[in-house]
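Inspection log for the structure reproduced underneath, given as structure tokens.
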Amino acid sequence: MSTVTSRLWLAAVAAVALGTAPMAAPAQTRGGGTIADVKVEGSQRIEPATVISYMAIKPGDDYSDRGVDESVKSLFATGLFSNVQIRREGSSLVVVVEENPIINEIAFEGNDRFDDTKLTAEIEGRPRQVYTRTKAQSDADRIQQLYRRSGRFAVAVEPKIIQLDQNRVNLVFEIREGDLAKIERINFVGNRAFSNGELRDEILTKETEWWNILASNDTYDPDRLAVDQEMLRRFYLNRGYADFRVVSAVSELAPDGEGFFITFTVDEGERYKFGKIDVNSALPGVTPEELQTVIVSHEGDWYSSKSVEDTIQALTTYLGDRQYAFVDIQPSVQRNREEKLIAITYEISEGPRVFVERIDISGNVRTADEVIRREFELAEGDPFNASRLKKSETNIRNLGFFSKVDIKPTPGTAPDQTVIQAAVAEQSTGELQLGVGYSTSDGPLGDVTIRERNLLGRGQDLRLSTSLSGVSSQIDLSFTEPYFLGRNLAAGVDLFRTTRDNQSFSSYDETNTGFALRMGYPLSENLRQTLRYRLNYRQISDVSDDASRFIREQEGNTLSSAVQQTLTYDRLDSRINPTDGYRITLSNEVAGLGGDVHYFKTQLSADWYYPVTDSMVLNIGGQVGNIFGLGEDVRINDRFFLGGNSFRGFQTGGIGPRDLNSDDKDALGGNNFALGTVELSFPLGLPSEFALQGHAFSDFGTLWGSDDHGAGIVDDTALRASAGVGVSWASPFGPIRLDYAYPFAKRDYDKQEQLHISFGTRF
């Protein structure tokens, strides 16, 4: 084989290796001389002049093997040709080409997991483009990677073509999706302080189990695996293992391609305690002694990186309140490996002056920008403050409109400027809540609530609730504008009508029809006041002939016009599922600004949550109340009644003053009450995927002080108490709870209700 032929052969082989086309053997060429002209054969869509323009050798050039070699490479490199041959005929050069076909249509077969639109966006090929096997295979690889990112590692994608006339083809990707690659086993190597089960509970990735059919975290995801390593690191660092590291995280695909084995190799290291904790302050007027009181951790406690972060946060907040907007707090760590102690010195100095240049919000498709922007504690032009930025993120999360909130500062256009990037992911804000219960006297009961918490993306709250049981019905329509007149002022209106058959405990029916206007605003960061006006047309009817004479005397209609104020001091860590902190509420109501009834009512309630362990939460709560008439006795439908949800173990109206001379021993309600509860929530020892939690509780209290007196009236301050257990399930359909309470301190005439069930869901 001549040198020219060898070179052409190698060039064509190289082109085939690049996937451009099958190669035809080049023709022999001889001699030198000048090329008089170049003839192109086989071109259909591409003009001969265009073909010649891609070549390295042109008419008038001296013939050379190198020029022919480079021309072949150039023509193949265009991707327009599936085959190229160059031969010499006298003083002419003949170029024979076979054009690659044009893609007429792209189709997908066998795709259920992703629709055609998603797959089309993933590939680069498009109709009316030139088809090459290399590009088609590259697109097949892209589709395969898309499926693998969703956990389907057994996927197979094969590109096929259907020949059409005029050198066109239809490109079809045949897809065999395969099953999801499940996590068959998660193993840990090197862990001594914590069991495999405890560590599995701390990571996002879960093993595939039969009860986990609705979850998606039991499929293999490399990104989730990286998050798992960070979660393990934080778990150990928060428990004193300062030297902890994840040595490796290995995922092995099962031979059948349908499952993964995950192995985390960890090095726990030694466990440390806090040594000496100091503060050095370079701020004028701020002494280390006063800052010591702000520090969260104490010498001798187990070391925790979270407590260090909490201390920095607490110091930042404290100094911000002292008008130090720019502070730099750096923890200096000294590790004593022999004594297993970590001493920390918080170095505090004045930080660089940085201001908020602008706030950029992304990800909110439905929710208006202003709904998010008004929750920021920072405004454009304000001094940047990390504490206020974190509080802003908490505010946005508490809206409940977003499944993900990520707020971070980024460099601005100048060194003293920062841009706050707020990325959110919206979630469904409509709710459908269903509740069921069982009462020994009322039988089955249920309620339905339809609610939209982000009406038209403006943050407005619209709720329609109804309840129905054998003894009552209620319908309530409410609307709330959280920022009335553009201010941090929540205003709302309620329309309601309720009817209740109280025959089982007080021998009368009660109907309430009316409306309420309300307004709420913050007095400070944690203190909020709410004002409410209610106009209520009330009716006591269907009073039994054998009912208490005090109830018969109150049969008829009244009009109540009442004003109420409520103060709430809230330091809970979460409004939805609190685990730490407390909340205190004081409410006062006066009736008599018009209407037929006159009274003054006061209620005080408090709840305290304490995390006993990472998974156990103790709740202690209490309520007291008092009502007295203004120049008249308090009517029965204005008094307090305890039982049902407010006092487990007793039905509504089950305790308190009662007329024993009436046939049904009618409850009369009380003017005073005191109620307490203690509840411990704890895991049941089942895998966390079950989302089951146990509860042990005790309710205790008393109700007394009716304005009705006479023969047969019992009215004392005797303490009632119950104890019980419950189970709650955070099911995919909503929370479900079952409680059983046994009253162990009661009066013979009290009415009991031992079993209660409720469930809810959201859409």
Side-chain angles (χ1 to χ4, degrees), residues 233-244 269-354 377-378 383-394 409 524-527 569-574 578-584 608-614 617-618 620:
R233 189 184 71 85
R234 287 183 172 271
F235 174 76
Y236 272 93
L237 289 180
N238 289 335
R239 286 156 182 79
Y241 294 89
D243 296 330
F244 173 83
E270 299 294 337
R271 194 178 188 189
Y272 291 79
K273 289 186 176 182
F274 278 109
K276 188 177 182 181
I277 302 176
D278 289 327
V279 179
N280 289 335
S281 173
L283 302 177
V286 180
T287 64
E289 289 73 22
E290 66 176 300
L291 295 179
Q292 281 283 355
T293 61
V294 184
I295 295 176
V296 175
S297 51
H298 303 89
E299 185 175 349
D301 293 345
W302 289 113
Y303 172 78
S304 169
S305 61
K306 183 178 184 301
S307 67
V308 175
E309 295 172 1
D310 291 344
T311 296
I312 294 174
Q313 178 69 28
L315 289 169
T316 302
T317 302
Y318 177 81
L319 293 170
D321 295 339
R322 292 281 306 272
Q323 306 305 312
Y324 288 96
F326 305 99
V327 293
D328 181 36
I329 304 176
Q330 296 293 334
S332 176
V333 177
Q334 292 182 337
R335 188 173 308 183
N336 187 330
R337 299 185 183 278
E338 294 181 358
E339 298 183 12
K340 308 298 185 295
L341 294 175
I342 294 179
I344 294 183
T345 301
Y346 295 95
E347 303 285 350
I348 303 176
S349 59
E350 194 163 359
R353 299 180 66 83
V354 179
E377 302 285 330
L378 294 167
F384 176 77
N385 185 290
S387 176
R388 294 172 65 187
L389 186 65
K390 186 173 182 180
K391 180 64 167 57
S392 301
E393 183 171 345
T394 301
S524 66
E525 181 180 357
N526 304 111
L527 182 63
Y569 188 73
D570 192 341
R571 296 299 300 269
L572 296 177
D573 61 342
S574 170
T579 60
D580 194 8
Y582 60 91
R583 177 173 53 204
I584 302 173
W608 176 63
Y609 293 84
Y610 177 75
V612 180
T613 66
D614 290 339
V617 177
L618 176 66
I620 299 176

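Since the structure is predicted, the reported quantities are computational estimates derived from the model, not experimental observations. All values below come from the heavy atoms of this structure, side chains included, with hydrogens, waters and symmetry mates left out.
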### Query
Does the pair Asp301 and Ser307 meet the rule for a side-chain hydrogen bond (donor to acceptor under 3.5 Å, both in side chains), with working shown?
CA-CA 10 Å; Asp301 293 345; Ser307 67; over 6 Å; no
#### Entry: Leu291 vs Ile348, side chain to side chain contact (heavy atoms under 4.5 Å, CB included): CA-CA, chis, key distance, verdict
CA-CA 10 Å; Leu291 295 179; Ile348 303 176; 3.5 Å; yes
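- For the pair Asp580 and Arg571, the salt-bridge criterion is not met [side-chain N within less than 4.0 Å of a carboxylate O].
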### Task
Under the ring pair (Phe, Tyr, Trp, His ring centres under 6.0 Å) rule, what do Tyr236 and Phe244 come out as? Steps first, then yes or no, please.
CA-CA 7 Å; Tyr236 272 93; Phe244 173 83; 4.1 Å; yes
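- Both tests hold for Arg335 against Tyr272: distance to the six-membered ring centre under 6.0 Å, angle to the ring axis within 45°.
- In this structure, Thr345 contributes its side chain and Val279 its backbone to no donor-acceptor pair below 3.5 Å.
- Rounded to the nearest 0.5 Å, atoms CH2 (Trp608) and CG (Leu618) are 6.0 Å apart.
- Tyr569 OH to Ile584 CD1: the interatomic distance, rounded to the nearest 0.5 Å, is 8.0 Å.
- Of all heavy-atom pairs between Val617 and Pro578, the closest is CG1-O, 4.4 Å.
- Take Glu309 and apply the side chain to side chain contact (heavy atoms under 4.5 Å, CB included) test, not counting sequence neighbours, and it matches Arg234.
- Summarising the geometry, atom CG belonging to Leu389 is positioned 5.0 Å from atom CZ belonging to Phe384; distances are rounded to the nearest 0.5 Å.
- Formation of a donor-acceptor pair under 3.5 Å by the Thr579 side chain with backbone atoms of Pro611 is not found in this model.
- A side-chain donor-acceptor contact under 3.5 Å links Asn526 to the backbone of Asp570.
- Stacking of Arg271 on the aromatic ring of Trp302 is recorded, both the 6.0 Å distance cut-off and the 45° axial limit being met.
- Heavy atoms only, all atoms of each residue included: Asp243 and Arg337 are closest at OD2-NH1, 3.1 Å.
- Under 3.5 Å, the side chains of Gln334 and Asn336 contain no donor-acceptor pair of N or O atoms.
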### Message
With side chain to side chain contact (heavy atoms under 4.5 Å, CB included) as the criterion, how do Gln313 and Lys390 come out once you've worked through the C-alpha distance, each side chain's angles and the decisive distance to 0.1 Å?
### Response
CA-CA 9 Å; Gln313 178 69 28; Lys390 186 173 182 180; 3.7 Å; yes
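- Atom CD1 in Ile344 sits 8.5 Å away from atom CD1 in Ile312 (nearest 0.5 Å).
- Summarising the geometry, atom OG belonging to Ser304 is positioned 14.5 Å from atom NZ belonging to Lys273; distances are rounded to the nearest 0.5 Å.
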### Query
For Val308 and Ser297, what are the C-alpha separation, side-chain angles and deciding distance, and is it a side chain to side chain contact (heavy atoms under 4.5 Å, CB included)?
CA-CA 7 Å; Val308 175; Ser297 51; 5.7 Å; no
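- Heavy atoms only, all atoms of each residue included: Asn238 and Lys306 are closest at OD1-N, 2.9 Å.
- Interatomic distance, Arg583 CZ to Leu572 CG, rounded to the nearest 0.5 Å: 5.0 Å.
- The stretch residues 276-292 participates, sequence neighbours left out, in these side-chain hydrogen bond (donor to acceptor under 3.5 Å, both in side chains) pairs: Asn280-Glu347, Glu290-Tyr318, Glu290-Arg322.
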### Message
Under the criterion side chain to side chain contact (heavy atoms under 4.5 Å, CB included), I'd like the reasoning laid out for Thr311 against Val294: C-alpha separation, chi angles, the key distance, then a yes or no.
### Response
CA-CA 7 Å; Thr311 296; Val294 184; over 6 Å; no
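- Within the 4.5 Å cutoff, no side-chain heavy atoms of Glu350 are placed close to those of Asp328.
- Here the shortest heavy-atom pairing between Tyr241 and Gly269 reads CD2-O, 3.7 Å.
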